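Okay, structure first, notes after.
Owing to the predicted nature of the structure, the values given are computational and were not obtained by experimental measurement. So you know, we letter chains A, B, ... as the sequences are listed, proteins then strands, and number each from 1.
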2 protein chains.
Amino acid sequence: MSAKISLTPKEGKYLTFMYRRQVEEDERATTTILAKSFKVNPATVTETLQRLAEKKLVAYTRYYGAKLTERGIVEAKKLLRKHRILEVLFVKLLRYDAEKACEEASKIDHYCSADLINAICRTYGHPDTCPCNKKIFSDSKCRRQA
Amino acid sequence: MSAKISLTPKEGKYLTFMYRRQVEEDERATTTILAKSFKVNPATVTETLQRLAEKKLVAYTRYYGAKLTERGIVEAKKLLRKHRILEVLFVKLLRYDAEKACEEASKIDHYCSADLINAICRTYGHPDTCPCNKKIFSDSKCRRQA
DNA sequence: GCAAAGTTTAGGGTTTACCAAACATTTTTA
DNA sequence: TAAAAATGTTTGGTAAACCCTAAACTTTGC
């Protein structure tokens, strides 16, 4: 049993941002890029990356940047799954457009339980892409019936 | 234009708890009761009530307790509306039972925008009670069509 | 009117998130 | 290749939201 990971909302945003850079775009996430996209001082980014490194979610190298570890990738995927399932819900049920769905999903994704997300996933027939066509990662606990 | 109110999640929980005591049950919410239901030290409750008083959301009297102000009631109703609309969603869409719906709603109600809640409300035909039969307060911005 | 119950104050503590300024490193370019 | 520019880190702060214990104070109920 590995130690339980507790993520703050902000840390979660870093992980998903890094996942998209690293895995989906094959680009490095530098301090400056993170600072710009979160609109914070670079010093703040360094601090957060160090905290994520302590939690073994990223491998951090001074002056170079940080890469998600295996655990970091797992956590990022969990969050992206939640985010994207919520997008599906908002588009299908409420007829939101993809952009608005993303905005609203961002506000709550971190706080939704995996259970809730799985229930939504089942209701919509286990979709495999979100409204903007990105992959929805699967969860082993989310199967037909459950 | 009145000053914008910014509520922390915890403060929101206090307001809705107090609303239920004060308006729905006509009982006073004492420090001890709040401390017990939130499982914190009474000193912590005092502190939070004082903060809510500064924000003019409650009228606080030392050694007596606190009562929601008009503004406090408005805020509590907004939150209860969000909570109850979410309960409707979870019961109708996901077939959750009332208790589970309440639990999941509690985790995210504070973070959901009024817009999102209104869209859900419209989708379910402006329900006026939640699964446990409590009133769903209306929002003037939530009308047929909108 | 006094003791018990309830409440507040005083004084701390932790965590998350920020920032500016000084300093260190890396990269670019003249 | 050396110096300038860009990038990143450290240091030392700040602030807010929560939370606690212990001591002091107020209210209540007998």
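R28(A) contributes a side-chain N or O that, together with a main-chain N or O of Y64(A), makes up a donor-acceptor pair within less than 3.5 Å. Not a single donor-acceptor pair under 3.5 Å links the side chain of K82(B) to the backbone N or O of I117(B).
Between M18(B) and L34(B), the shortest heavy-atom contact is CG-CD2, 4.4 Å. T69(A) approaches A59(A) most closely through the heavy-atom pair CG2-N, 3.7 Å.
Atom CG in L15(B) sits about 13 Å away from atom P in dA17(D), given to the nearest Å. For the pair Q50(B) CD and dA10(C) P, the interatomic distance rounds to 10 Å; values are reported in whole Å. In this structure, L49(B) atom CG and dC19(D) atom P are separated by 13 Å, rounded to whole Å. Atom CD of E11(A) is separated from atom P of dA17(C) by 6 Å (rounded to the nearest Å). The distance from atom CG of L34(B) to atom P of dG6(C) is 14 Å, rounded to the nearest whole Å. Distance, Y60(B) OH to dG6(C) P: 16 Å, rounded to whole Å. Straight-line distance from the CG atom of L7(A) to the C1' atom of dT15(C): 14 Å, rounded to whole Å.
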Between N or O atoms, less than 3.5 Å apart, protein on one side and nucleotides 18-21 of chain C on the other: list the pairs.
unit_1  : atom_1 : unit_2 : atom_2 : d
dC18(C) : OP1    : K10(A) : NZ     : 3.0
dC18(C) : N4     : E47(A) : OE1    : 2.8
dC19(C) : OP2    : N41(A) : N      : 2.7
dC19(C) : OP2    : T44(A) : OG1    : 3.1
dA20(C) : OP2    : N41(A) : ND2    : 3.1

Identify all pairs in which a protein N or O lies below 3.5 Å from an N or O of nucleotides 24-30 of chain D, and state each distance.
unit_1  : atom_1 : unit_2 : atom_2 : d
dC25(D) : O2     : Y63(B) : OH     : 3.4

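The side-chain heavy atoms of L89(B) and Y96(B), taken from C-beta on, include no pair separated by under 4.5 Å. For the pair R21(A) and Y19(A), the minimum side-chain heavy-atom distance is 4.5 Å or more.
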Under 3.5 Å, side-chain donor or acceptor atoms of residues 104-115 of chain A against the rest of the protein: list the pairs with distances, not counting sequence neighbours.
unit_1  : atom_1 : unit_2  : atom_2 : d
E104(A) : OE1    : S113(B) : OG     : 2.8
E104(A) : OE2    : K107(A) : NZ     : 3.3
E104(A) : OE2    : S113(B) : OG     : 3.0
S106(A) : OG     : C102(A) : O      : 2.9
D109(A) : OD1    : K13(A)  : NZ     : 3.3
D109(A) : OD2    : H83(A)  : ND1    : 2.9
H110(A) : NE2    : L7(A)   : O      : 3.2
S113(A) : OG     : L116(A) : N      : 3.1
S113(A) : OG     : E104(B) : OE1    : 2.9
S113(A) : OG     : E104(B) : OE2    : 3.0
D115(A) : OD2    : K100(B) : NZ     : 3.3

Indicate every side-chain donor-acceptor pair of residues 39-49 of chain B with a distance under 3.5 Å to a residue at least two apart or in another chain.
unit_1 : atom_1 : unit_2 : atom_2 : d
N41(B) : OD1    : A43(B) : N      : 3.0
T46(B) : OG1    : P42(B) : O      : 3.4
T48(B) : OG1    : T44(B) : O      : 3.1

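Residue T30(A) places no side-chain N or O under 4.0 Å from the OP1 or OP2 atom of dT7(D). Dashed line: the shortest gap from a side-chain N or O of R51(A) to OP1 or OP2 of dA17(C) is under 4.0 Å. Considering only side-chain N and O atoms, T31(A) lies under 4.0 angstrom from the phosphate OP1 or OP2 of dT9(D).
By the salt bridge (Lys or Arg N to Asp or Glu O under 4.0 Å) test, E24(A) is found to be paired with R84(A), residues two or more places apart in sequence or in another chain being considered.
For the helix from dG1(C)-dC30(D) to dA30(C)-dT1(D), the angle separating the two terminal helix axes comes to 10°, with each axis derived from five pairs and the value rounded to 10°.
Ion pairing of E11(A) with R51(A) is present here, as a side-chain N (NZ or NE/NH1/NH2) and a carboxylate O approach within less than 4.0 Å.
In the set dT9(C), dA17(C), dC18(D), dT9(C) carries the atom at the smallest distance from any side-chain atom of T46(B).
E87(A) contributes atom CD, which lies 9.5 Å from atom CG of L80(A) (distance to the nearest 0.5 angstrom).
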